[in-house]
Amino acid sequence: MSLLKPFSKLPGLNTASILLVEDEEQFQQSLADVLVKETNVTVTVRLAKSLPLPMDESRPRIDLVVFIINLTSELSFQSAEASLKYLDPGYFLGKACFMVTNARKASVPTERVDAVRKLATLLHCPLLFAEDQTSEGVIGAAERLLTILKVSAGLVPMTTALYLSNLTRCTLPPDIDQPSFD
Amino acid sequence: MERTEESLTSRTPLHSVVGQRRSKNRSYHQSYRSCLGVASRLGLTPAVTARRLNTNRKASKPHNIAEKVNPEYLALLVKTEWQLSYVTPLYQFRHTQLKSYARQLSAFIVAERQQGLAVEVGTLQNSFKVSLSVVEGMSEADDDPETVLIQIHSKSLFPRQDEPQKLVWSGWLTCINGSPEYLNSLPKDFTCLPLFCYKGAENLSSLVKSWFQRIFDCCFGPLEINHTSLQWLVALWTNCHTEATIKHLKMLWTVPSTPPLQVTYTVEAQDAWELWSSVRRASRGRGDEAGWIDMGEVTSFMQAIKSHFYRHFKLDLSAGALTQVSTALGSAKFSGRIKISSSRCVSTTLNLLTECALLKMPI
């Protein structure tokens, strides 16, 4: 029962639930504040530090799981990787995505960005780069998440999460493994 | 039935058109890349793929640089803390014309200082004497251009009998074991000396840089030693322990907690060496060539150090950032300062720094 399953419960009417998993528990709070302001759909935001989640019968069906990785900390990446094991494989058909912050900082080694890219490509998940320090950045990230969330919750006609993930999934540039010099 | 068949046939051309377009893009890209040569790979591909250090590194042979280099130059290079920056290739730089360059640079400095700077009491009386010299013997590969040392001495206008000239600024341009592929791809008149280390007053540094930019059409920029390079330095310096004892391995981590913590983690040399050799033994079982250090060994070495710290203090250093590494062989800071404390194993450090400079340099 430690796996989080995507279709174990019935969906609610005009509702969508999103789970934000972040080791540092900072960006998820500001994202949640913006996400709940959405008026067309009733959005339920659940926050977690890592998976597995404790047993809770009242938890609604989670439509989208977002792993937030802060690139300046290696611990954040390792904790997200470790949490992936506790997610049912059904989530990787478009109901899981990665959100990455602080990608532009000079202190971030490129190997870490590459590793996150390779992980997202391996799991066929979209990779979103977000900026968490300004309010415009948070609003922009929340809007992108809402777009994917509405599709995952089945609220957009003629589109399913799997269909959208085919268009938005992360791809690797062809020479990602080549060093610049021998 | 007929209608469905028609719709099916009308769909397939769309797919084939898409397929063709994709392959056209790829071939266009490849031909564009190949006609521009090596330099294009770094220019066209996005920044993520172009900036990557080598994953394999050769542990250098016990290269006793003290035998090849003039000892007074070596004494100048060692035991001072240098600020690093990268330099793009220099146009028409001749190692034979260093004396005329020195004269031009001193004239330039004097002219700039007279150009309406506020009068500084005392220093206006001094004039500057610039000397450029070649430091022979530092380069390892055959393609490397020779290292150039720039020194600025200040002498007062009315010197007393044996007043020595004071060294106010010094810097050196070097290229140790630069990638031969890149060096050969440069056009004929360019000399590539990508690593620039300097120490001294800030206004003199900016004057020297602007003179170089004006005469040789190059660009300077700050060079940080990023997290991966600092990890490489930890491994390489520990690896040199057999030739020159490192006495201790000291690392400075900053952990972003509230309040922010700064952790100084010192490991005894013998323990560091034992840990490193056990990591090497574990990986050598896989059939690695002797002498090559792999990135995986470096990460497992660092992981072992961090987990030891976690076992004792319950603080995971992965959440923080490594900012400084120092051993008896030298110290390196994230902001781009390097200090080489001993003349042994200098070329390993400079090799890594040259590679960092070459990678950071915009072509």
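Just so it is clear: chains get the letters A, B, ... in the order the sequence lines come, proteins before strands, and each one is counted from 1. Since this is a predicted model, take the numbers as computed values, not measurements.
- Only the side chain of A/Gln78 has a heavy atom closer than 4.5 Å to any heavy atom of chain B.
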Quick one: side chains of residues 298-307 of chain B, donor-acceptor pairs under 3.5 Å with protein atoms, not counting sequence neighbours, listed by atom name and distance.
{"unit_1": "B/Thr299", "atom_1": "OG1", "unit_2": "B/Met295", "atom_2": "O", "d": "3.0"}
{"unit_1": "B/Thr299", "atom_1": "OG1", "unit_2": "B/Gly296", "atom_2": "O", "d": "2.9"}
{"unit_1": "B/Ser300", "atom_1": "OG", "unit_2": "B/Gly296", "atom_2": "O", "d": "2.6"}
{"unit_1": "B/Ser300", "atom_1": "OG", "unit_2": "B/Glu297", "atom_2": "O", "d": "3.4"}
{"unit_1": "B/Lys306", "atom_1": "NZ", "unit_2": "A/Glu74", "atom_2": "OE1", "d": "3.4"}
{"unit_1": "B/Ser307", "atom_1": "OG", "unit_2": "B/Gln303", "atom_2": "O", "d": "3.0"}
{"unit_1": "B/Ser307", "atom_1": "OG", "unit_2": "B/Ala304", "atom_2": "O", "d": "3.0"}

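- Inter-residue side-chain proximity for A/Arg112 and B/His227 is flagged as met; some heavy-atom pair is nearer than 4.5 Å.
- Residue pairs meeting the salt bridge (charged side-chain N to carboxylate O under 4.0 Å, His left out) criterion with at least one member in residues 31-41 of chain A, sequence neighbours excluded, are A/Glu38-A/Lys150.
- Note that CG of B/Asp316 is 10.5 Å distant from OG of A/Ser79, once rounded to the nearest 0.5 Å.
- Residue B/Ala321: no heavy atom, backbone or side chain, is found under 4.5 Å from chain A.
- Across every non-hydrogen atom of B/Asn226 and A/Pro109, the tightest pair is ND2-CA, 4.5 Å.
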